[in-house]
Amino acid sequence: MTKLVILGSANAVTSLHHENAHMVIIGTENTLLIDCPANPLVLLQKLGVQLEQISDLVLTHFHPDHVSGVPLFLMDLWLLNRKTPLHIHGLEYTLDRVEKMLELYNWNAWPGFYPLVFNRLPEREMVPVVERGEFHLFASPVSHLVPNIGLRIEFSKTNKAMAYSSDTEPCQQVIRLSRGVDVLVHEAAGNARGHTSPRQAGQVASQAEVKSLYLIHYPCWEVDPQPFITEAQETFAGRVNLAVDLLEIKF
Ligand SMILES: [Zn+2]
C-alpha cells in the first residue's frame, strides 16, 4: 500500500525529536522524496526503502531548511553505486540555485555519476509533476518569501488524496490545491509574513473542506507544540493532528 511518512516536522529550527519538515511517499514501485533539509539516508534505511526505488525528489523552495541536504544525499547515492536516473522537480528559481550549489562541489567531475533529470516547473496552478501509476503529483505556486510550490498527491488505487502546503501564508492557491482531500499537511510556523498560524491553518482546512488536518513546520525549540492542535480546532471541525517525525499515513 502507498504511504506517506513524515521524515521531519520542525520549522527551520530543529529539536531532538523534530527534524526540519520533509517527507516521503513510498509506493510499491516508486518512492518520492519531498524536500531534503538533511541527508535522509539513515531514515530511509530505517523505513526499508530500496534506494534504487527513489525515482523523484521534489524541492518546494530554496530555503536552507528545505534543500541543505541535497549535495550530500546525492553524493551518498553515487557512493552507494546508484545507476538509475533521479528526477528532481522544482521551480526554475529553485533548481537554478540547486544546480549552482552542486557546481560548487564540482559534482560534474564525479566519475560515473548517475543521471540527474532536472524538471523545471512553470509557475501556474495544478501543474502535473509526476505520474507514476500508483500516485499522481500536482504543484501550485503558494505565497512565501521566495517562489514556492504546494503539492497535491492523488492515489489512483484508493482514490484518496493529500495536499502539502509547504511554507506559505494562508492563500487561495492552497485552498484550491487541497479541495476535498483526505489529508491536508499544512505548515503552522506562526502568524508572520510568508507563514501561517495553527488557527489560520484550521481556516484553510475548513475552506478547502478537507477531511483531516496535520500541522507541520511548527516551532518546537523549547516549545510544547501540543496546544497548536487546540488552536487549529477553533477554526476546523474535522480531525486535527500534529505531524510528528516518522508518522505514517496509509493511502
Ligand atoms: Zn521557507
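Computed from a predicted model, the values in this text were never measured in an experiment. This chain uses plain numbering: 1 for the first residue, then up along the sequence. All ligand and atom numbering here is 1-based and tracks the order in the structure. Excluded from the calculations below are hydrogen atoms, water molecules and symmetry mates; all remaining heavy atoms, backbone and side chain alike, are included.
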Colleague: Which value, rounded to 10°, describes the ND1(His63)-the Zn ion (ligand 1)-OD2(Asp167) angle?
Modeller: 170°

Colleague: Do any N/O/S atoms of His144 come under 2.8 Å of the Zn ion (ligand 1)?
Modeller: yes

Colleague: In terms of hydrophobic clusters joined by side-chain contacts under 4.5 Å, are Leu51 and Leu7 together?
Modeller: yes

Colleague: From Asp65, does some N, O or S atom reach closer than 2.8 Å to the Zn ion (ligand 1)?
Modeller: no

Colleague: Classify the side-chain pair His217/His195 by whether it contains a donor and acceptor separated by less than 3.5 Å.
Modeller: no

Colleague: For Phe138, does the six-membered ring have the charged nitrogen or CZ of Arg152 within the cation-pi criterion, i.e. under 6.0 angstrom from the centroid and within 45° of the normal?
Modeller: no

Colleague: Indicate, with yes or no, if Leu91 and Val174 share a hydrophobic cluster defined by side-chain heavy-atom contacts under 4.5 Å among Ile, Leu, Val, Met, Phe, Trp and Tyr.
Modeller: yes

